Protein chains: 2
Amino acid sequence: MKPEDCAEVRGIALFSDMAEENFARLMRGAYVQNFPPFTQLFEQGDPADFLHVVVAGGVELYAVWSGRETTMYVAYPVSAFIVAASLKDAPLLMSARTLERSRLVLLPSQDVREVFRIDHDFARAVVDELAHCYRGALKDAKNVRLRNAQERFANYLLKRWRIEGGADTFTLPLEKRRLAAKLSMTPENLSRAIRALQPHGVEVDGAKVRLTDRAALEKLARPTPLIDDPHC
Amino acid sequence: MKPEDCAEVRGIALFSDMAEENFARLMRGAYVQNFPPFTQLFEQGDPADFLHVVVAGGVELYAVWSGRETTMYVAYPVSAFIVAASLKDAPLLMSARTLERSRLVLLPSQDVREVFRIDHDFARAVVDELAHCYRGALKDAKNVRLRNAQERFANYLLKRWRIEGGADTFTLPLEKRRLAAKLSMTPENLSRAIRALQPHGVEVDGAKVRLTDRAALEKLARPTPLIDDPHC
DNA sequence: CGCCGATTTGAGAGCTTTCAAACTTTGTGG
DNA sequence: CCACAAAGTTTGAAAGCTCTCAAATCGGCG
């Protein structure tokens with residue numbers, strides 16, 4: 001386990017507050033591994049043997065039932081996933097595959113649970129993480145159930161615009177097909193949403209986006225912190 | 001605060017493990033209140049001043065955006081809700097109204113946070129609760145995104161059947177319009193789902209249900225613990 | 001240049017919602 | 001006990017949104 005990877009993991013909120021000694025204990029049992037694109041990491045129903053941290057690349061978490069499949073979440077660096085299942089030692093509810101070449105740190109769930117019991121700063125960080133995940137899931141459900149595809153994409157653009165610091169042109173950080181999955185729609189529908197937003201000041205050329213009339217876009221998107229603010 | 005109410009609250013997993021002294025501290029600042037049907041308890045965006053516990057009745061948690069509304073969750077006795085917002089002191093993501101005459105215990109969030117800091121058994125119970133909520137939200141998302149209305153209702157019937165101890169006739173515990181909301185569909189669609197299940201051994205008369213061919217129903221419903229088992 | 005994958009476009013089908021109206025149930029007051 | 005009003009439920013028709021399938025187009029890369 002290289003020091004750089006350790007530092008990456010230590011940097012996220014979930015691990016930054018805990019005692020050095022306990023962090024070291026977690027790292028002792030940890031694996032680091034590089035995966036090619038589209039590698040199956042685990043399947044829903046598997047036991048949660050490891051807490052996963054994406055250090056580089058991207059991981060799609062998806063669910064399957066009766067031959068149908070849906071993307072639930074996409075994990076980007078640097079963040080942890082399947083925290084809840086690891087802690088509760090419960091079966092995984094989602095399957096996971098890499099979307100590109102990815103570097104993961106795997107922490108044995110048993111170690112995580114043990115350190116959780118003895119390190120109260122870590123325990124508090126876990127609570128923060130779980131609360132954040134739960135509220136994220138709620139916001140996601142609101143996004144999907146209260147907005148149609150066009151509105152979801154419009155709000156995504158405004159979110160990106162804010163993140164890019166307000167520049168009126170920026171670049172989509174994902175392939176469109178993956179963006180579509182992230183927004184719970186098909187690539188075809190994303191394509192139609194893009195076209196439908198042209199009259200509202202949205203110009204898309206490949207991955208390049210230009211917002212020429214933000215007022216119009218906001219009028220249509222009606223963003224609200226209760227859905228769109230990840231920190232709220 | 002009557003001892004009966006105290007006992008009710010103490011009985012749920014979230015509060016059963018904590019030190020008596022700390023529980024007493026929580027109860028000291030608590031309110032108990034009876035609400036008539038369809039009383040607004042709070043609105044999304046409000047500060048989470050109180051952790052709520054339903055002792056009797058039922059509470060609908062719903063979300064609103066741009067004139068549209070969707071039921072997110074229905075809380076029944078005895079259970080806590082808005083745990084995450086209380087702990088993080090974050091704005092509420094859902095609005096709440098009583099569905100019937102209801103009795104609630106309100107615990108000031110400040111007290112909850114304080115006790116959370118000093119009582120590690122409570123903290124652990126909080127983690128369990130949050131993990132359970134989060135996984136519940138995931139299962140819900142899978143249910144809605146992977147199944148159509150008919151399949152959701154079919155699986156609901158099988159879940160009730162299990163809860164009722166396997167009797168082939170039982171009674172729906174909710175009004176149909178609320179059941180529809182709980183299953184994320186309109187009352188009209190629930191009505192159609194009921195009719196569509198007749199050829200699969202489902203007889204519904206008012207609130208009375210009779211399952212005459214469970215094998216057929218299971219063939220259609222394809223229940224899986226990864227969506228339908230609340231404890232998994 | 002030519003292939004391969006991603007994206008776009010069009011057509012059609014499926015599921016869900018909405019609206020309106022008929023029907024049933026429930027509860028109240030005469 | 002009945003009549004009536006109010007609310008809940010069912011049914012039908014129509015529209016909207018999303019998905020699927022197929023084909024055309026665009027793009028990068030060997």
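Each chain gets a letter, A, B and so on, in the order the sequences are listed, and its residues count up from 1. What you are looking at is a predicted structure, and each value in this text was computed from that prediction instead of being measured. For the numbers below, each heavy atom of this structure counts, side chains included, while hydrogens, waters and symmetry mates do not.
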Do the non-hydrogen side-chain atoms of B:Val55 and B:Leu104 ever get within less than 4.5 Å of each other? no

Separation of B:Lys208 atom NZ from C:dT24 atom P, in whole Å? 17 Å

Checking all strands, does B:Asn189 fall into the base, sugar-phosphate, or nothing category for heavy-atom contacts under 4.0 angstrom? base

Give me the one residue out of A:Arg147, A:Lys159, A:Lys139, A:Arg160 that meets salt bridge (Lys or Arg N to Asp or Glu O under 4.0 Å) with A:Asp228. A:Arg147

Give a yes or no on whether a donor-acceptor pair under 3.5 Å exists between the nucleobase atoms of C:dC19, that is its base, and the side chain of B:Glu188. yes

Pick the closest DNA chain D nucleotide for B:Arg195 and for B:Phe38 by heavy atoms, then say which residue is nearer the 5' end. B:Phe38

Show your working on side chain to side chain contact (heavy atoms under 4.5 Å, CB included) between A:Thr39 and A:Arg97 and close with a plain yes or no. CA-CA 5 Å; A:Thr39 308; A:Arg97 64 169 82 94; over 6 Å; no

Give the rounded distance in Å between these two atoms: CZ of A:Arg145 and P of D:dT18. 15 Å

Hey, which sits more toward the 5' end of DNA chain D by its nearest nucleotide, A:Asn148 or B:Leu190? B:Leu190

Tell me, yes or no, whether the heavy-atom count around A:Arg162 atom CZ, taken from other residues, nucleotides or ligands under 6.0 Å, exceeds 12. no

Can you measure B:Asp205 atom CG to C:dT24 atom P for me and round it to whole angstrom units? 12 Å

Tell whether A:Arg192 reaches the base of C:dG10 with its side chain through a donor-acceptor pair below 3.5 angstrom. yes

NZ of B:Lys176 versus P of C:dT24: gap in Å, rounded? 13 Å

Which whole-number value in Å describes the distance from B:Leu146 CG to D:dC19 P? 12 Å

Whole-Å distance between C:dA6 C1' and A:Ile194 CD1? 12 Å

To the nearest angstrom, how far is B:Met185 atom CE from C:dT16 atom P? 8 Å

Distance test, side-chain N/O of A:Thr186 to OP1/OP2 of D:dT18, below 4.0 Å: no

Calculate the interatomic distance between A:Glu175 atom CD and D:dG27 atom P; express it in whole Å. 15 Å

Phosphate contact (C:dT7 OP1 or OP2) by A:Ser191 side-chain N/O below 4.0 Å: no

Determine whether the side chains of A:Arg152 and A:Ser184 contain a donor N or O and an acceptor N or O closer than 3.5 Å. no

